[in-house]
Amino acid sequence: MDIEDLSERVSAGERRALARAITLVESGRADHRAQAAELLAALPQDRQALRIGLSGTPGVGKSTFIESFGMMLIRKGLRVAVLAVDPSSSRSGGSILGDKTRMDLLSREANAFIRPSPSQTHLGGVARRTREAVRLCEAAGFDVVLIETVGVGQSETVVAEMSDLFLLLLAPAGGDELQGVKRGIMEMADIILINKADGDLKAAATRTCADYAGALRLLRKRPQDPEGYPCAMTVSALEENGLEAAWEAMEKLTDWRRSEGWWDRTRAAQARYWFSEDVKQRLLSRLQEPEARAALKALSDEVAAGEADPSVAAQAFVDRLGG
């Protein structure tokens with residue numbers, strides 16, 4: 001593979017080249033990992049998109065919201081990339097990858113790019129290489145990158161480590177004030193959007209929004225937020241109501257964080273986090289080497305037979321690995 005040619009085509013905004021580049025960075029093969037590192041190093045480093053993480057329970061309407069929201073942004077002249085993470089089966093390892101099918105209108109737009117990826121049992125709601133896929137989308141000149149998570153629940157916070165804004169989508173009647181003050185994902189959210197605020201559910205959505213707005217006031221004030229944030233708002237992806245107001249709230253928060261220096265500080269902290277994570281993953285990958293697996297099995301058999309203490313055997317293995 002000609003990495004220099006691929007880098008130039010990605011930088012020129014070619015969608016086919018971008019898709020090929022994401023396939024390369026998602027590969028687990030050692031030669032592909034080396035090529036992916038070379039590609040990422042060759043890309044422009046000065047391009048930044050607004051990274052928006054989006055989480056919510058399954059069935060809350062994440063895909064419908066992304067399509068309506070993405071179409072609105074495109075009408076404003078922005079280029080939008082969507083990285084949708086689909087849950088992988090713990091039994092077969094497969095994924096449906098159906099998010100692109102749900103976003104029929106958006107997928108046909110020339111200024112949009114949609115890439116579904118399997119989570120491959122990676123915890124935290126995102127795929128292992130989602131961060132690198134975000135970098136590729138930025139290099140391809142996209143203005144906004146939407147990262148849709150699996151939708152696993154309140155522990156889904158890894159996406160906050162790769163996004164500038166974290167949106168939490170909730171359904172009407174999805175909880176009360178007590179639910180709103182629970183730790184975890186609620187503490188990470190910058191804006192809570194109560195979706196499906198239309199038809200018979202509109203009144204319930206308004207009540208739910210009021211509950212969560214009250215709950216947010218009980219949470220400890222975060223230094224990276226201006227007055228009035230985090231906030232709760234109602235939207236209807238189906239009727240496209242509230243999307244403009246939600247975008248204005250996002251722009252206001254982003255502008256404040258840029259002017260106060262929080263944008264750069266957050267990006268720097270995220271870079272440190274992912275450096276640490278990459279080191280951990282590389283150390284874990286060494287456990288799959290034949291010599292390491294053989295040593296691990298031998299010590300494991302000794303522990304199972306009662307011939308060695310687990311802690312002592314673990315230390316011996318780590319010492320051998322480091323030596």
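Just so we're clear, the structure is a prediction, and the values are computed from it rather than from any experiment. Every heavy atom of this structure was used, including side-chain atoms; hydrogens, water molecules and symmetry mates were not.
- At a threshold of 4.0 Å, the pair Asp211-Arg207 does not count as salt-bridged, since none of the basic side-chain nitrogens sits closer than that to a carboxylate oxygen.
- Under the 4.5 Å side-chain criterion, counting only non-hydrogen atoms from C-beta, Glu109 is in contact with Met71.
- At a threshold of 4.0 Å, the pair Arg9-Asp2 does not count as salt-bridged, since none of the basic side-chain nitrogens sits closer than that to a carboxylate oxygen.
- Of the candidates Gln48, Arg267, Arg257, Asp164 forms a side chain to side chain donor-acceptor pair (under 3.5 Å) with just one, namely Arg267.
- Trp262 and Val159 are not part of a single hydrophobic cluster, where members link through side-chain heavy atoms under 4.5 Å apart.
- Scanning all heavy atoms of the two residues, the minimum distance from Ala42 to Ser7 falls at O-OG, 3.4 Å.
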Practice task
Could you walk me through whether Glu138 and Arg51 pass side chain to side chain contact (heavy atoms under 4.5 Å, CB included), step by step?
Solution key: CA-CA 9 Å; Glu138 287 186 317; Arg51 306 171 183 175; 2.9 Å; yes

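- For the pair Glu132 and Arg33, the salt-bridge criterion is met [side-chain N within less than 4.0 Å of a carboxylate O].
- Under 4.0 Å is where a charged nitrogen must lie from a carboxylate oxygen, and between Asp225 and Lys221 no such pair does.
- A continuous path of Ile, Leu, Val, Met, Phe, Trp and Tyr side chains, each step under 4.5 Å between heavy atoms, connects Leu146 with Leu78, placing both in one hydrophobic cluster.
- Looking at every heavy atom in both residues, Val60 comes nearest to Ala171 through CG2-N, 3.3 Å.
- Side-chain heavy atoms closer than 4.5 Å link hydrophobic residues (I, L, V, M, F, W, Y) into clusters, and following such links, even through other members, never connects Trp256 to Leu167.
- Nearest heavy atoms, Ala249 versus Tyr229: O-OH, 2.8 Å.
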Exercise for the section: Might you work through the salt bridge (charged side-chain N to carboxylate O under 4.0 Å, His left out) test for Glu251 and Lys76, ending with a clear yes or no? Expected result: CA-CA 13 Å; Glu251 285 188 306; Lys76 291 180 179 293; over 6 Å; no

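- In the hydrophobic clustering of ILVMFWY residues, with side-chain heavy atoms under 4.5 Å counting as a link, Trp274 and Leu40 come out together.
- When each of Val134, Leu50, Ile52 is paired with Val145, the side chain to side chain contact (heavy atoms under 4.5 Å, CB included) condition holds for Val134 and for no other.
- If you run side chain to side chain contact (heavy atoms under 4.5 Å, CB included) between Val82 and each of Leu54, Ile114, Val144, only Ile114 comes through.
- Looking only at side-chain heavy atoms (C-beta outward), Lys202 and Ser236 stay at 4.5 Å or farther from each other.
- The aromatic rings of Trp247 and Phe69 stand perpendicular to each other, their planes meeting at an angle above 60°, with 30° marking the opposite boundary.
- The pair Arg115-Glu26 counts as a salt bridge, with a side-chain nitrogen and a carboxylate oxygen less than 4.0 angstrom apart.
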Problem - Gln35 and Asp31: CA distance, side-chain angles, deciding distance, side chain to side chain donor-acceptor pair (under 3.5 Å) verdict - result: CA-CA 6 Å; Gln35 288 180 323; Asp31 57 334; over 6 Å; no

